[in-house]
Structures are given as C-alpha cells and as structure tokens.
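This report refers to the structure that appears directly beneath it.
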Number of protein chains: 2
Amino acid sequence: MRSPTLNIQPSNCHNCRMSALCLPLTLDSSSLDRLDRVIERGRPIHKNQYIFHGGDQFKAVYAIRSGAVKAFCVSDDGSEQVTGFYLPGEIFGWDGIDNSSHSNTAITLETTALCEIPFARFEEISRTMPILQKHFMRLMAKELTSDQDLIGLLAKSSAEERVASLLLSLSSRLKRQHLSPTRFRLPMSRADIGNYLGLTVETVSRVFSRFQSFDLILCDKKEIEIINLNGLYALTHKPKA
Amino acid sequence: MRSPTLNIQPSNCHNCRMSALCLPLTLDSSSLDRLDRVIERGRPIHKNQYIFHGGDQFKAVYAIRSGAVKAFCVSDDGSEQVTGFYLPGEIFGWDGIDNSSHSNTAITLETTALCEIPFARFEEISRTMPILQKHFMRLMAKELTSDQDLIGLLAKSSAEERVASLLLSLSSRLKRQHLSPTRFRLPMSRADIGNYLGLTVETVSRVFSRFQSFDLILCDKKEIEIINLNGLYALTHKPKA
DNA sequence: ACACAGAATTGATCTAAATCATGCTGGCTC
DNA sequence: GAGCCAGCATGATTTAGATCAATTCTGTGT
C-alpha cells in the first residue's frame with residue numbers, strides 16, 4: 001500500500017477557501033453536502049511522500065489544500081520528466097483515467113494537506129449532478145491547455161523565457177489564492193525546475209543570477225521576490241524576428 | 001460563420017470502421033442508434049480549410065473519418081505552435097471545453113471527412129448513458145498523456161530522437177487503422193513538423209537526409225518508407241550517460 | 001507550356017546552452 | 001567540532017542546432 005492513509009478531518013467543502021477553485025460555484029447547498037460526504041480529507045503529510053506511483057491503479061484525483069506536489073513520469077530508460085507542479089486549490093491525478101492506471105508519479109515537495117476524491121464514488125453521484133460532470137471535464141480541459149502552454153514554451157523559447165514564464169505562472173497562481181504574488185518560496189529544487197523546463201541545473205542557476213543582476217528578482221536560495229514583474233513579463237514576449 | 005457546413009451523408013456509426021476507436025465498444029445497438037442521430041457526418045472538405053479558429057465558440061468535437069488535421073495555437077505575438085496532428089479515427093477539439101471557446105485553431109492538411117459531435121446534444125444523451133460520459137473522459141485523458149509525451153520529448157531529446165518519435169507515432173497510429181505502418185505519406189510540411197517538434201525546417205530536413213543515409217528510411221518528398229523500424233525505435237531510446 | 005511562389009535541400013557560420021570542472025554553503029550525522 | 005553530502009553557483013570549453021545564404025525542386029494557375 002503505497003499511498004498514504006488519509007485520515008478524515010473535521011472540515012468540509014462549505015468552509016474551505018479553496019472550494020471556489022476545485023468545485024463548481026453553482027452547486028446548491030444540498031448537492032454540496034452530497035459531494036462533501038464523498039471527499040476524504042487527509043491530515044498534512046510530510047515532504048517527499050508519494051501520493052501515487054506510475055503504474056498504480058487509478059482510484060482518485062486529489063485537490064491540494066496546502067503545500068505543493070510534483071508530478072513526473074518515468075520513461076523506460078529510467079529518466080524522469082517533471083510534468084507539473086501543483087499548488088493549493090489545484091487538482092491533479094487525471095492521468096490515470098485513461099487506462100485506469102496512473103502514468104505519472106506524484107510526490108509532495110513540502111508538508112502537504114490533500115483532499116482525496118475517489119473516482120468511483122464521484123462517478124456515481126455525478127450521474128445525478130450533470131454540472132459536476134461538466135465541471136470535471138472543464139478541469140481536465142484546463143490541464144490540457146496548461147500542458148499545451150508548456151509545449152509552446154519548450155518548443156520555442158530560450159532559457160530566460162522559460163524561467164520567466166515559470167515564475168510568472170507561480171506568481172499568478174499564488175495571487176489567485178490571495179497569497180503574495182511577488183514574495184514566495186519555491187517549493188521545488190533547481191533540478192526540478194530544470195527538468196520541467198528542459199534545461200540543465202547550471203543553466204537555471206545562471207538565469208536566476210542574471211535575473212538578479214538585471215534587478216528583475218531578488219532571490220536567496222528558494223526565497224523569491226519579484227522586483228520587476230513587467231520586466232519578467234516582457235521577457236516572455238521576447239522581440240521576435 | 002467560419003466552420004464549413006457539414007452536409008449529412010448516408011452512413012452511420014454502425015458501419016463505420018472507425019467506431020472502435022472513437023466510440024465505446026460496449027454500446028448496445030439502441031444506444032448506438034441514439035448517439036448516431038446526434039452525430040453529423042460531413043462531406044469531404046478540401047485541403048487548408050479551417051474547422052475552427054482560436055477564440056471561436058466551442059460547439060462540438062470532431063472525429064476524423066479520412067484525411068488529416070493540424071491543430072495549433074497562436075500566441076499574442078502572432079507566432080504559431082502546432083499542438084497536434086490528427087489522423088483517421090482520432091478525435092480533436094477538446095480544448096474548447098474549458099472556457100467554452102477554442103484555444104486552438106484546426107485546419108485540414110488534405111482532403112478530409114469529419115464527423116461532428118455537437119457537445120450540447122452529446123451532454124444531453126450522455127446523461128442517460130454513463131458509459132459514454134466515461135468514454136469521453138478517457139479520450140480526454142488520452143489526449144493529456146499524449147501531450148505529456150510530447151512534453152517529455154521536447155524537454156529532453158535531440159533532433160533525431162524527436163523526428164524518430166514522430167515517425168514511429170504516425171506509424172503506430174496508421175497500423176491501428178489497418179493501414180501500412182511502413183509506407184505512408186506525410187500529410188504535413190517539413191515546417192509543420194519543425195514547429196511541432198521545436199526544430200527549424202533546416203534541421204528537420206537534415207535529419208531526414210541523415211536517416212536516409214543510415215538506411216533507416218526512404219523518403220521522396222512526403223512519401224515515407226520505413227526500412228528499419230527497430231533502428232528508429234533504438235534512436236528514441238538513446239544511450240544515456 | 002510557362003512563370004512564379006512556396007517547399008525542400010544543402011552548405012557555411014554563429015551562438016545559446018550543454019558539458020565538464022571546481023568551489024561554496026548549509027544542514028546532517030557520528 | 002570534524003567530516004560528509006546535497007544543493008547551488010560560477011567559470012572554461014564544447015557542441016548541437018539556429019541562423020544566414022544559395023540552389024533546386026514542386027506544384028499551381030494562367
């Protein structure tokens with residue numbers, strides 16, 4: 001049994017400040033109650049704990065209440081490819097729906113609290129709640145477009161653009177959670193960033209240094225302060241031929 | 001009105017040899033009939049016709065009966081990023097579900113016949129056919145994993161690996177359609193390939209030449225014959241440090 | 001049949017990032 | 001506190017692929 005045991009916690013979707021993100025806004029109170037009963041809220045789990053492994057049977061998708069998660073897939077030759085970083089309010093684990101086993105592995109990057117949404121039970125109740133079904137398809141579509149954004153980034157951009165895009169993505173996602181968009185702590189290592197962006201650690205490190213020397217950011221190890229948000233943004237729209 | 005008018009054709013899902021791919025296998029005959037009545041079969045449309053544009057309202061997803069389609073998104077600076085090539089039996093257009101408008105643009109690469117599946121009507125009937133709903137989520141998940149494969153490819157691989165992977169992907173998808181996996185015509189230009197794989201046209205061209213000189217493939221313009229399938233496969237699993 | 005624009009190949013040069021190498025720092029255990 | 005290891009930074013060198021440039025091929029329309 002690889003996935004950590006999630007103990008029920010005394011809270012619910014009604015009072016969760018994430019709910020606007022992971023649930024459809026238009027759910028009436030009684031529908032929300034029914035959904036509520038399906039969702040299992042876990043206690044915080046430690047850093048570097050696996051949520052699921054590639055190949056594991058697909059049983060649930062997960063919403064993050066706090067903390068951060070990294071998803072990656074392992075190819076036959078053993079090399080890893082980071083496919084995403086997930087922050088509070090975001091849902092991950094869709095990759096398993098296809099062949100009912102996960103293609104990715106998910107691991108916590110720091111102490112993390114999750115809500116587990118068992119897929120079988122979700123399917124049951126969604127049969128009588130079409131809006132829920134639709135919402136989930138929309139969440140999957142969102143994942144699709146975010147993957148396509150990453151594809152665009154990897155196919156075309158320079159190292160600086162890639163790092164700038166990641167910083168801006170994190171910033172806007174934190175902002176959506178009413179957290180500071182300009183001062184935050186990177187939950188992942190430079191190596192993770194490099195892997196995700198298709199760059200070497202050294203290149204990532206150099207780009208961070210360069211950004212500092214251009215007064216775009218301040219960074220002390222994993223603590224980041226964005227000084228010139230527009231400057232970063234300009235980098236992601238680099239002057240093209 | 002940008003999308004081409006699709007005229008009803010005298011055929012149905014029962015006798016379509018694609019159905020195994022785009023429909024759940026377990027549908028009973030009466031369910032299939034109901035689905036059948038929702039789907040609009042178009043006459044073949046010409047090369048370089050748009051199916052939908054980025055920003056268009058999302059109304060339907062499309063299954064390919066014959067031909068080939070390219071999907072791409074346009075970023076603010078006007079540059080394009082090819083996000084996928086679609087062959088017979090495959091479904092595209094999911095990208096619109098999220099905010100009910102398409103993020104991609106889809107265009108035919110050659111004369112193409114489509115089935116249009118209007119999403120609103122699909123949602124109606126799927127309410128009473130849970131298996132259909134599940135099937136569609138699986139199709140979306142498949143798209144997700146294929147996007148993630150592309151991410152892995154772009155993040156890590158050399159030009160040769162990328163081109164080899166594309167050729168093998170096309171090959172296996174044609175095989176699934178009971179078409180020759182070793183002799184086929186590329187529906188897309190070198191520029192499209194380059195854009196998709198994050199390479200320049202020149203590099204793509206050089207890789208094709210190199211593959212020929214290594215007796216991996218024969219190619220005359222867009223006509224491809226794969227001589228050494230295992231050799232290509234070996235390239236995609238390049239010896240790593 | 002001809003002209004012309006776009007698609008593809010091939011060659012020469014340049015450059016951004018990988019690779020190789022070294023040192024620094026901060027947390028860990030013993 | 002000494003020693004050790006992982007993570008990060010930074011410098012020197014190499015290289016794969018981009019860029020620039022020129023030529024040939026292909027198909028399309030008149």
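What you see is a predicted model, and the numbers here were worked out from it, not measured in a lab. Chain A is the first sequence line, chain B the second, and so forth, proteins listed ahead of strands; every chain is numbered from 1.
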Show the distances under 3.5 angstrom between N or O atoms of the protein and N or O atoms of nucleotides 26-30 of chain D.
none

I'd like to check A:R210 versus A:R206 (side-chain heavy atoms, cut-off strictly below 4.5 Å). Are they in contact?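 Result yes, sub-4.5 Å side-chain heavy-atom pair found.
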Are any of the side-chain heavy atoms of B:F58 and B:D98 separated by less than 4.5 Å?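 No, side chains not in contact.
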Is a side-chain N or O of A:S209 found less than 3.5 angstrom from the main chain of A:S205, in a donor-acceptor match?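 Yes: the side chain of A:S209 pairs with the backbone of A:S205.
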Closest to the B:S189 side chain, choosing from C:dA17, C:dA7, C:dA18: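 Nearest to the side-chain atoms of B:S189, counting from C-beta on, is C:dA7.
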Take atom [atom1] of [X] and atom [atom2] of [N], then tell me their distance rounded to the nearest Å.
X      : N      : atom1 : atom2 : answer
B:K222 : C:dA8  : NZ    : P     : 5 Å
B:R162 : D:dA16 : CZ    : C1'   : 11 Å
A:D192 : D:dC8  : CG    : P     : 9 Å
A:L197 : C:dA18 : CG    : C1'   : 15 Å
B:R210 : D:dG17 : CZ    : P     : 7 Å
A:E160 : C:dA16 : CD    : C1'   : 10 Å
A:E223 : D:dC8  : CD    : C1'   : 15 Å
A:L199 : C:dA16 : CG    : C1'   : 11 Å

Kindly give the atom pairs (protein nitrogen or oxygen, nucleotide nitrogen or oxygen) under 3.5 Å for nucleotides 10-13 of chain C.
from	atom 1	to	atom 2	distance (Å)
C:dT10	OP2	B:S209	OG	2.5
C:dG11	N7	B:R206	NH1	2.9
C:dG11	O6	B:R206	NH2	3.3
C:dA12	N6	B:R206	NH2	3.4

Map B:Q212 and A:A159 onto DNA chain C by nearest heavy atom, then report which one ends up closer to the 5' terminus.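 The 5'-side residue here is B:Q212.
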Mind checking B:G198 for me? I need base, sugar-phosphate or nothing, with any heavy atom below 4.0 Å counting as a touch. sugar-phosphate
Verify the distance criterion only: is there a donor paired with an acceptor across the side chains of B:Q148 and A:N104 at less than 3.5 Å? yes
Is there a donor in the side chain of A:R176 and an acceptor in the side chain of A:S172, or the other way round, less than 3.5 Å apart? no
Looking at CZ of B:F52 and CD of B:E116, how far apart are the two atoms once the value is rounded to the nearest 0.5 Å? 10.5 Å
Run the side-chain donor-acceptor check on residues 215-227 of chain B: report pairs under 3.5 Å with partners two or more places apart or on a different chain.
from	atom 1	to	atom 2	distance (Å)
B:E223	OE2	B:R185	NH1	3.4
B:E225	OE1	B:R183	NH2	3.3

Determine the interplanar angle of the B:Y62 and B:F92 rings, folded into 0 to 90°, and report it as parallel if under 30°, tilted if 30 to 60°, perpendicular if over 60°.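 If you compare the ring of B:Y62 with that of B:F92, the planes turn out parallel.
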Go through B:S79 and A:K156 one step at a time and tell me if the side chain to side chain contact (heavy atoms under 4.5 Å, CB included) criterion holds. CA-CA 10 Å; B:S79 65; A:K156 289 223 266 286; 3.7 Å; yes
